[in-house]
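Notes to accompany the following structure.
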Amino acid sequence: MGLPYRAKAVANFFLMMGRNEGVPITPLKLQKLIYFAHGWCLAIAKKPLIQESIEAWRYGPVIANLYYEFREFGSHPITRPAKYTRDAETQIEADDFTVSLLKKVWDEYKAYGPLELSAMTHLPNTPWKVARHKIAPEKFNVTISDELIKEDFLKNFANADA
(Lines give C-alpha, C1' and ligand atoms only; values in the text may rest on other atoms or scores of the structure.)
Protein backbone atom coordinates (compact mmCIF):
# COMPACT_ATOMS: atom_id res chain seq x y z
CA MET A 1 0.00 0.00 0.00
CA GLY A 2 1.14 3.53 -0.76
CA LEU A 3 -0.65 5.03 2.23
CA PRO A 4 -1.03 7.80 3.19
CA TYR A 5 -1.81 9.95 0.17
CA ARG A 6 -2.23 13.66 -0.16
CA ALA A 7 -5.89 14.64 0.16
CA LYS A 8 -5.77 16.26 -3.28
CA ALA A 9 -4.85 12.89 -4.82
CA VAL A 10 -7.89 11.27 -3.21
CA ALA A 11 -10.03 14.25 -4.24
CA ASN A 12 -8.99 13.82 -7.84
CA PHE A 13 -9.83 10.13 -7.71
CA PHE A 14 -13.37 10.87 -6.50
CA LEU A 15 -13.74 13.72 -9.00
CA MET A 16 -12.73 11.31 -11.77
CA MET A 17 -15.32 8.76 -10.56
CA GLY A 18 -17.99 11.46 -10.51
CA ARG A 19 -17.05 12.67 -13.97
CA ASN A 20 -17.06 9.10 -15.36
CA GLU A 21 -20.50 8.35 -13.88
CA GLY A 22 -22.12 11.75 -14.34
CA VAL A 23 -22.42 12.31 -10.58
CA PRO A 24 -21.80 15.96 -9.62
CA ILE A 25 -19.55 16.55 -6.62
CA THR A 26 -19.70 19.79 -4.67
CA PRO A 27 -16.92 20.84 -2.29
CA LEU A 28 -19.04 19.74 0.69
CA LYS A 29 -19.72 16.32 -0.81
CA LEU A 30 -16.03 15.90 -1.63
CA GLN A 31 -15.02 16.72 1.95
CA LYS A 32 -17.41 14.11 3.29
CA LEU A 33 -16.43 11.41 0.77
CA ILE A 34 -12.79 11.80 1.78
CA TYR A 35 -13.71 11.86 5.47
CA PHE A 36 -15.60 8.57 5.12
CA ALA A 37 -12.83 7.00 3.02
CA HIS A 38 -10.27 8.06 5.64
CA GLY A 39 -12.39 6.51 8.39
CA TRP A 40 -12.84 3.27 6.48
CA CYS A 41 -9.10 3.10 5.84
CA LEU A 42 -8.28 3.66 9.51
CA ALA A 43 -10.74 0.94 10.54
CA ILE A 44 -9.74 -1.62 7.90
CA ALA A 45 -6.02 -1.05 7.29
CA LYS A 46 -5.23 0.61 10.64
CA LYS A 47 -3.44 3.31 8.61
CA PRO A 48 -4.51 6.82 7.56
CA LEU A 49 -5.64 7.34 3.98
CA ILE A 50 -4.56 10.97 3.83
CA GLN A 51 -1.52 12.85 5.09
CA GLU A 52 -3.47 15.92 6.18
CA SER A 53 -5.36 16.30 9.43
CA ILE A 54 -9.12 16.52 9.50
CA GLU A 55 -10.31 19.49 11.53
CA ALA A 56 -13.55 20.06 13.41
CA TRP A 57 -14.72 23.32 11.89
CA ARG A 58 -17.90 25.06 12.97
CA TYR A 59 -20.11 23.28 10.42
CA GLY A 60 -18.37 19.92 10.18
CA PRO A 61 -15.18 18.00 9.55
CA VAL A 62 -12.90 19.73 7.03
CA ILE A 63 -9.61 19.09 5.29
CA ALA A 64 -8.36 22.67 5.17
CA ASN A 65 -6.26 22.55 2.01
CA LEU A 66 -9.21 21.06 0.08
CA TYR A 67 -11.52 23.74 1.41
CA TYR A 68 -9.21 26.45 0.08
CA GLU A 69 -8.62 24.57 -3.19
CA PHE A 70 -12.32 24.35 -4.08
CA ARG A 71 -14.06 27.15 -2.16
CA GLU A 72 -14.57 29.08 -5.42
CA PHE A 73 -17.27 26.54 -6.33
CA GLY A 74 -19.39 27.27 -3.25
CA SER A 75 -22.33 24.86 -3.34
CA HIS A 76 -21.91 24.15 -7.07
CA PRO A 77 -20.29 21.06 -8.63
CA ILE A 78 -16.52 21.08 -8.95
CA THR A 79 -15.49 21.32 -12.62
CA ARG A 80 -11.71 20.84 -12.41
CA PRO A 81 -9.22 18.62 -10.63
CA ALA A 82 -7.18 19.76 -7.67
CA LYS A 83 -3.94 21.49 -8.61
CA TYR A 84 -0.75 19.84 -7.46
CA THR A 85 2.62 18.71 -8.78
CA ARG A 86 2.21 14.93 -9.12
CA ASP A 87 -0.23 12.73 -11.04
CA ALA A 88 -2.41 11.59 -8.13
CA GLU A 89 -4.72 9.38 -10.17
CA THR A 90 -1.74 7.34 -11.37
CA GLN A 91 -0.37 7.09 -7.82
CA ILE A 92 -3.62 5.74 -6.42
CA GLU A 93 -4.33 3.42 -9.34
CA ALA A 94 -0.97 1.74 -8.68
CA ASP A 95 -2.24 0.76 -5.22
CA ASP A 96 -4.88 -1.99 -5.47
CA PHE A 97 -5.98 -1.74 -1.82
CA THR A 98 -6.66 1.99 -2.01
CA VAL A 99 -8.42 1.79 -5.38
CA SER A 100 -10.67 -0.97 -4.06
CA LEU A 101 -11.39 0.97 -0.86
CA LEU A 102 -12.18 4.21 -2.69
CA LYS A 103 -14.48 2.42 -5.14
CA LYS A 104 -16.37 0.81 -2.23
CA VAL A 105 -16.73 4.17 -0.49
CA TRP A 106 -17.85 5.73 -3.77
CA ASP A 107 -20.47 3.03 -4.32
CA GLU A 108 -21.72 3.37 -0.74
CA TYR A 109 -22.05 7.18 -0.67
CA LYS A 110 -22.29 8.54 -4.23
CA ALA A 111 -26.08 8.64 -4.24
CA TYR A 112 -26.22 10.86 -1.15
CA GLY A 113 -26.38 14.60 -1.45
CA PRO A 114 -23.87 16.83 0.34
CA LEU A 115 -26.30 17.76 3.12
CA GLU A 116 -27.20 14.12 3.76
CA LEU A 117 -23.50 13.23 4.03
CA SER A 118 -22.92 16.20 6.30
CA ALA A 119 -25.79 15.11 8.56
CA MET A 120 -24.09 11.71 8.94
CA THR A 121 -20.98 13.41 10.33
CA HIS A 122 -23.07 15.45 12.81
CA LEU A 123 -24.79 12.58 14.59
CA PRO A 124 -24.39 12.31 18.37
CA ASN A 125 -20.95 11.07 19.46
CA THR A 126 -19.39 11.28 16.00
CA PRO A 127 -15.74 12.38 15.97
CA TRP A 128 -16.70 15.87 14.79
CA LYS A 129 -19.27 16.28 17.57
CA VAL A 130 -16.84 15.00 20.20
CA ALA A 131 -13.90 17.12 19.02
CA ARG A 132 -15.96 20.24 18.47
CA HIS A 133 -18.22 20.19 21.50
CA LYS A 134 -16.53 18.03 24.14
CA ILE A 135 -12.76 18.21 23.67
CA ALA A 136 -12.24 21.82 22.64
CA PRO A 137 -15.49 23.80 22.38
CA GLU A 138 -13.68 27.11 22.81
CA LYS A 139 -11.27 26.60 19.91
CA PHE A 140 -12.03 27.70 16.35
CA ASN A 141 -10.67 24.69 14.44
CA VAL A 142 -9.47 21.67 16.39
CA THR A 143 -7.89 18.59 14.84
CA ILE A 144 -9.96 15.42 15.02
CA SER A 145 -7.55 12.67 15.99
CA ASP A 146 -7.18 9.68 13.71
CA GLU A 147 -7.65 7.50 16.80
CA LEU A 148 -11.06 9.05 17.46
CA ILE A 149 -12.07 8.56 13.81
CA LYS A 150 -10.79 4.97 13.80
CA GLU A 151 -12.71 4.09 16.99
CA ASP A 152 -15.92 5.51 15.53
CA PHE A 153 -15.60 3.62 12.26
CA LEU A 154 -14.65 0.36 14.00
CA LYS A 155 -17.76 0.73 16.14
CA ASN A 156 -19.88 1.38 13.04
CA PHE A 157 -18.43 -1.64 11.23
CA ALA A 158 -19.11 -3.81 14.32
CA ASN A 159 -22.71 -2.56 14.46
CA ALA A 160 -23.15 -3.24 10.73
CA ASP A 161 -22.06 -6.85 11.21
CA ALA A 162 -24.42 -7.40 14.17
Roughly how far apart are [X] [atom1] and [Y] [atom2], rounded to 0.5 Å?
X: T126; Y: I144; atom1: OG1; atom2: CD1; result: 8.0 Å
X: I34; Y: C41; atom1: CD1; atom2: SG; result: 12.5 Å
X: H38; Y: Q51; atom1: NE2; atom2: CD; result: 11.0 Å
X: K110; Y: K103; atom1: NZ; atom2: NZ; result: 11.0 Å
X: K155; Y: D152; atom1: NZ; atom2: CG; result: 4.5 Å
X: L30; Y: F73; atom1: CG; atom2: CZ; result: 11.0 Å

Could you walk me through whether E69 and K83 pass the salt bridge (Lys or Arg N to Asp or Glu O under 4.0 Å) test, one step at a time? CA-CA 8 Å; E69 176 74 25; K83 300 170 189 164; 5.1 Å; no
So if you build clusters from Ile, Leu, Val, Met, Phe, Trp, Tyr with side-chain heavy-atom gaps below 4.5 Å, do [X] and [Y] land together?
X: L33; Y: W40; result: yes
X: F13; Y: I25; result: yes
X: I78; Y: L115; result: no
X: Y112; Y: Y59; result: no
X: V99; Y: F97; result: yes

Any chance you could lay out the ring pair (Phe, Tyr, Trp, His ring centres under 6.0 Å) test for W57 and Y67, step after step, and finish with the verdict? CA-CA 11 Å; W57 284 21; Y67 170 80; 5.0 Å; yes
Compare every heavy atom of [Y] with every heavy atom of [X], then report the nearest pair and how far apart it is.
X: N12; Y: A82; answer: OD1-N, 2.6 Å
X: A9; Y: Y5; answer: CB-CB, 4.5 Å
X: I50; Y: A7; answer: CG2-CA, 3.9 Å
X: K29; Y: L117; answer: CG-CD1, 3.6 Å
X: P61; Y: I54; answer: CB-CG2, 3.8 Å
X: L148; Y: A131; answer: CD2-N, 4.4 Å

Determine the interplanar angle of the H122 and W128 rings, folded into 0 to 90°, and report it as parallel if under 30°, tilted if 30 to 60°, perpendicular if over 60°. parallel
Applying side chain to side chain donor-acceptor pair (under 3.5 Å), can you list everything that pairs with E72, at least two apart in sequence or on another chain? R80
Considering residues at least two apart in sequence or located in another chain, which fulfil the side chain to side chain donor-acceptor pair (under 3.5 Å) criterion with N125? K134
If the threshold is 4.0 Å, N to carboxylate O, is there a salt bridge linking K104 and D107? no
Could you check I63 against Q31 for side-chain contact (heavy atoms from CB on, under 4.5 Å), going step by step and ending with a plain yes or no? CA-CA 7 Å; I63 303 148; Q31 289 277 348; 3.7 Å; yes
Is there a side-chain contact (heavy atoms from CB on, under 4.5 Å) between V105 and F14? Walk through the geometry before answering. CA-CA 10 Å; V105 169; F14 281 129; 4.0 Å; yes
As a test of understanding, state which of L102, D146, L42 forms a side chain to side chain contact (heavy atoms under 4.5 Å, CB included) with L49. L102
Under the side-chain contact (heavy atoms from CB on, under 4.5 Å) rule, what do E55 and V142 come out as? Steps first, then yes or no, please. CA-CA 5 Å; E55 299 175 358; V142 62; over 6 Å; no
Test item: [X] and [Y] side chains (from C-beta on) under 4.5 Å apart, heavy atoms:
X: Y35; Y: I149; result: yes
X: M120; Y: K32; result: no
X: L66; Y: K8; result: yes

Give a yes-or-no answer on whether the side chains of E21 and W106 include a donor-acceptor pair shorter than 3.5 Å. yes
Dump the intermediate steps for side-chain contact (heavy atoms from CB on, under 4.5 Å) on T26 and H76, then the final yes or no. CA-CA 5 Å; T26 65; H76 301 287; 6.0 Å; no
OH of Y109: more than 12 outside heavy atoms within 6.0 angstrom? yes
